[in-house]
Visitor: 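Questions regarding the structure given below will be posed in turn.
Heavy-atom basis, side chains included; hydrogens, waters and symmetry copies ignored.
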Amino acid sequence: MNFQAMSGEVWPPRPRERGEPFVGLAPMVRANSIALRVLALEYGANIVFSEELVAKKFVQTERRLNPTLGTVDYVHSDGKSIALRIDPKKEGGRLVVQLGASDPETARDAALHVARDAVGVDLNMGCPKRFSLTDGMGAALLSQPERAASIVRAMAQVCRAVTVKIRFVPNDDETNLDRTIQLCRALQVAGAKAITLHARFPGELPEKTGPRRATLRRLLARLRTEIAFRHECALLVNGDYYTHADILEACSGGWMSGSADGVLLARPALLNASIFMPNESVLLPRLVVVRDYIALCFRYDLHYKNAKYVMMEMLAKRRHPSAIWKMFAHHVPANLTIENLSSAKSLQDMARVLEYHHHEDTHKHQDNLDATNADDRHYDDHYFLSNHNFLNVNNNVDENEKSPATNRSLKRSAIYAFRQDKQFNS
């Protein structure tokens with residue numbers, strides 16, 4: 001199977017009943033910094049999304065050219081930490097910036113702020129985390145179609161390609177999707193060029209609730225009866241598409257059977273980013289993928305804490321179906337464990353654990369590191385060390401046979417995970 005050809009303009013996508021799937025990297029908080037985005041593009045992704053950036057904070061950043069790295073950096077007001085780093089050569093025409101916003105004016109200003117460096121902006125309407133809901137962002141907008149439409153309309157005034165990522169509207173159910181359909185209509189009329197539908201209701205966790213694929217296809221089929229969703233507004237899907245067969249199935253069968261125009265991959269891309277390669281038979285071992293990733297971390301001077309978080313997600317059994325995890329299992333060095341990786345305090349430490357030999361002068365970009373390499377995200381290694389969410393890649397111990405130390409860390413890990421989600425964009 002070959003993914004959609006990359007000739008000509010890629011974004012916004014167009015409704016298409018036939019042809020190869022359009023596949024991109026879905027937005028993920030903390031994970032979608034520059035190294036993962038470029039890795040996805042190099043492996044074959046058609047488009048990549050940034051992590052969600054809260055509009056009211058993003059508009060306060062300063063756009064700076066970074067001649068040392070050849071990047072464009074959006075730097076926080078402290079002058080040290082970076083909200084967004086972009087490689088124009090790699091990501092030009094391929095980067096969509098996702099924004100979290102609750103009012104039209106701030107959303108418009110944020111969209112204008114990044115317009116010269118992004119091919120489009122996406123409004124996050126699916127995040128069910130407390131910090132989003134409290135500020136009226138994310139999934140809070142699902143039940144406020146007029147407000148959501150006003151935000152899309154405002155962004156469309158300054159950006160030619162505005163898209164939206166949603167879930168099913170809370171008051172709908174598997175047999176009645178009227179509110180979700182009405183929301184999609186309002187967003188399209190307001191100017192959305194594409195809508196990505198995550199096949200879950202707000203609050204449904206991947207580790208507990210599988211994607212509602214049948215419900216999603218019914219929704220898509222109903223939307224396709226309207227001209228706008230056959231000619232003007234593309235419909236993309238998201239939610240546990242782990243294999244090429246999953247992707248192909250989502251985009252096949254024709255519009256009236258609920259086929260999508262493309263798929264955005266989140267956790268499947270973390271598990272093995274080489275899923276973006278056109279030929280599934282050459283899916284790379286995860287160790288190769290992680291080494292490719294850390295090479296890009298060095299290339300872009302990524303903060304080690306952010307790099308460690310992403311590598312943990314790449315190597316960990318977190319929210320993935322057990323059958324999928326086993327399918328992606330590959331041999332890795334004996335010392336590559338969650339504990340050893342967690343103890344790393346620099347990119348060089350992580351490279352040693354991965355047995356990756358980095359030959360570039362590590363002091364080459366030291367001036368740049370001192371200036372803008374701080375990371376204002378909140379991390380804690382307890383979040384990774386819990387066998388409740390993570391299992392050593394070389395450890396076959398049953399999840400129920402946890403050590404006393406691990407059991408003591410479970411409660412702390414849940415607390416730290418909540419704090420990270422709450423504090424990330426506060």
Side-chain angles (χ1 to χ4, degrees), residues 1 3-4 11-24 26-27 46-47 49 96 120 122-126 139 141-143 145 148-149 152 161-202 204 206 209-266 268:
M1 179 183 73
F3 294 156
Q4 184 172 321
W11 198 258
R14 302 293 300 172
R16 46 200 301 278
E17 189 169 17
R18 298 287 185 269
E20 298 298 334
F22 183 99
V23 184
N46 298 150
I47 201 79
F49 282 63
V96 177
D122 184 78
L123 177 63
N124 182 351
M125 289 182 57
L141 293 171
L142 292 174
S143 301
V152 169
V162 177
T163 57
V164 185
K165 189 170 185 290
I166 71 171
R167 294 186 179 216
F168 299 125
V169 172
N171 291 330
D172 278 351
D173 57 45
E174 292 191 346
T175 60
N176 185 350
L177 298 168
D178 289 348
R179 292 179 180 84
T180 305
I181 290 173
Q182 291 169 8
L183 174 63
C184 291
R185 287 172 181 158
L187 296 172
Q188 184 276 321
V189 171
K193 298 298 184 183
I195 299 173
T196 300
L197 299 119
H198 183 162
R200 290 184 174 90
F201 288 90
E204 291 186 335
T209 306
R212 299 178 184 272
R213 296 274 175 80
T215 305
L216 179 61
R217 290 194 77 99
R218 286 197 298 273
L219 173 64
L220 294 176
R222 285 187 60 184
L223 289 172
R224 296 295 193 185
T225 63
E226 303 181 17
I227 293 177
F229 295 104
R230 297 199 304 270
H231 299 285
E232 299 175 21
C233 182
L235 297 173
L236 310 180
V237 294
N238 169 237
D240 294 13
Y241 295 93
Y242 278 95
T243 68
H244 284 207
D246 292 337
I247 296 168
L248 188 60
E249 181 181 7
C251 300
S252 63
W255 279 338
M256 294 305 104
S257 69
S259 66
D261 299 310
V263 176
L264 297 185
L265 305 178

Visitor: To the nearest 0.5 Å, what is the distance between CD1 on I227 and SG on C233?
Guide: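 Between atom CD1 of I227 and atom SG of C233 there are 14.0 Å.
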Visitor: Any side-chain heavy atom of M125 within less than 4.5 Å of one from L187?
Guide: yes
Visitor: Within a strict 4.5 Å, meaning less than it, do heavy atoms of the L123 and L141 side chains meet?
Guide: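 Yes, close enough: below the 4.5 Å cut-off.
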Visitor: I'd like to know if R222 pairs up with D178 as an ion pair, taking the criterion as any Lys NZ or Arg NE/NH1/NH2 lying under 4.0 Å from an Asp or Glu carboxylate oxygen.
Guide: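 Yes.
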Visitor: Ion pair present between R167 and E204, side-chain N to carboxylate O less than 4.0 angstrom?
Guide: no
Visitor: Between R179 and L142 (side chain of the first, backbone of the second, donor and acceptor by atom type, cut-off under 3.5 Å), is there such a pair?
Guide: no
Visitor: What are the two closest heavy atoms between P13 and A234, and how far apart are they?
Guide: O-CB, 3.6 Å
Visitor: Run C184 and L235 through side chain to side chain contact (heavy atoms under 4.5 Å, CB included) and show every step you take.
Guide: CA-CA 10 Å; C184 291; L235 297 173; 5.7 Å; no
Visitor: Find out whether K193 and W11 are in side-chain contact, i.e. whether some heavy atom of one side chain is under 4.5 Å from a heavy atom of the other.
Guide: no
Visitor: Please step through side chain to side chain contact (heavy atoms under 4.5 Å, CB included) for the pair S259 and E249, ending with a clear verdict.
Guide: CA-CA 8 Å; S259 66; E249 181 181 7; over 6 Å; no
Visitor: Can you name the nearest heavy-atom pair linking I47 to V96, along with the distance?
Guide: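 Shortest heavy-atom contact: CG1-CG2, 3.8 Å.
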Visitor: Mind listing the closest non-hydrogen atom pair of F22 and N46 along with its distance?
Guide: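 Smallest heavy-atom distance, with atoms named: CA-OD1, 3.4 Å.
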Visitor: L220 versus V237: any side-chain heavy-atom pair under 4.5 Å?
Guide: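 Contact flag for L220/V237 side chains = yes.
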Visitor: Minimum heavy-atom separation for L219 to F168, with atom names?
Guide: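 Nearest pair, atom of L219 first, then F168: CD2-CE2, 3.8 Å.
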Visitor: Side chains of V23 and L265, heavy atoms from C-beta outward: is any pair under 4.5 Å?
Guide: yes
Visitor: Under 4.5 Å between any side-chain heavy atoms of P211 and L216, yes or no?
Guide: no
Visitor: Nearest 0.5 Å, please: how far is CZ in F201 from OG1 in T215?
Guide: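 Result: 6.5 Å between the selected atoms.
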Visitor: Working to the nearest 0.5 Å, report the span between CD1 of I181 and CZ of F229.
Guide: 9.0 Å
Visitor: Output the distance between atom CZ (R200) and atom CZ (R213), rounded to the nearest 0.5 Å.
Guide: 8.5 Å
Visitor: Could you report the tightest heavy-atom contact between A221 and S257, atom names first, then the distance?
Guide: CB-C, 4.3 Å
Visitor: So H231 and W255, would you call those rings parallel, tilted or perpendicular, with 30° and 60° as cut-offs?
Guide: perpendicular
Visitor: Could you check if a side-chain atom of K165 sits within less than 4.5 angstrom of a side-chain atom of N124, using non-hydrogen atoms only?
Guide: no
Visitor: Please round to the nearest 0.5 Å and tell me the distance separating atom CG of L197 and atom CG of L183.
Guide: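 That separation rounds to 9.0 Å.
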Visitor: For a 4.5 angstrom cut-off between non-hydrogen side-chain atoms, does P15 reach R224?
Guide: yes
Visitor: Please report the interatomic distance CG(L177) to CG(D172), rounded to the nearest 0.5 Å.
Guide: 5.5 Å
Visitor: Which atom pair, heavy atoms only, marks the closest approach of P12 to A161?
Guide: CD-CB, 3.9 Å
Visitor: Tell me whether R218 contacts the main-chain N or O of E174 through its side chain, where contact means a donor paired with an acceptor under 3.5 Å.
Guide: yes
